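Structure first, then comments.
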Amino acid sequence: MELLTKSLRDELPELYSQENNPSPIAIVRFIDTLGSWSWYAVEFDGENTFFGLVLGFERELGYFSLSEFEEVNQAAGFSRIQRDKDFVPTPISKIE
């Protein structure tokens, strides 16, 4: 499965465009199929860098990259990081 489709690329707002929004919308969710980490993309630079909510050891806002996900998948030899194809865009304040 493709990690980021053209339609999702087009739908994601530009980096920094949501910084004054107290609860921006997460457009896409990525999951680690071997762990409990999730990344919720709110913004995208159009090339590689996302900004959004990261649920891992802690709940935090931060940057993550498409190339890192692809590198993890290549090193694992399978799609360890996947896009949640059933994810519905959701305000980050509603994500637990």
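Predicted model, so just to flag it, every value in this text is computed and none were measured.
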Side-chain donor or acceptor of D84 paired with backbone N/O of R29 under 3.5 Å: no
Side-chain (Q82) to main-chain (L3) donor-acceptor, under 3.5 angstrom: no
Atom [atom1] of [X] and atom [atom2] of [Y]: how far apart are they, to the nearest 0.5 Å?
X   : Y   : atom1 : atom2 : value
Q18 : S23 : CD    : OG    : 10.5 Å
D10 : I27 : CG    : CD1   : 12.0 Å
L55 : I92 : CG    : CD1   : 10.0 Å
R59 : Y40 : CZ    : OH    : 8.5 Å
L66 : F30 : CG    : CZ    : 6.5 Å

Which residues share a side chain to side chain donor-acceptor pair (under 3.5 Å) with R80, sequence neighbours left out: D32
Pair E68-S65, side-chain donor/acceptor within less than 3.5 Å: yes
Distance-only side-chain donor-acceptor flag, S79 / N73, under 3.5 Å: no
Restricting to non-hydrogen atoms, name the atom on [X] and the atom on [Y] that form the minimum distance, rounded to 0.1 Å.
X   : Y   : answer
P13 : V42 : CD-O, 3.1 Å
E47 : R9  : O-NH1, 3.9 Å
E2  : R83 : O-NH2, 2.9 Å
N48 : D45 : N-OD1, 2.7 Å

Verify the cluster assignment for [X] and [Y]: are they in a single hydrophobic cluster under the rule of side-chain heavy atoms below 4.5 Å apart?
X   : Y   : value
I31 : L4  : no
W39 : V72 : yes
F87 : F44 : no
L53 : L12 : no
V54 : Y63 : no

Neighbour count above 12 (heavy atom, 6.0 Å) for E60 CD: yes
Beyond-backbone contact of P89 with E11, side-chain heavy atoms, under 4.5 angstrom: yes
Close aromatic pair by centroid cut-off 6.0 Å: W37 and F57: yes
Aromatic plane relationship, F50 with F64 - under 30° parallel, 30 to 60° tilted, over 60° perpendicular: parallel
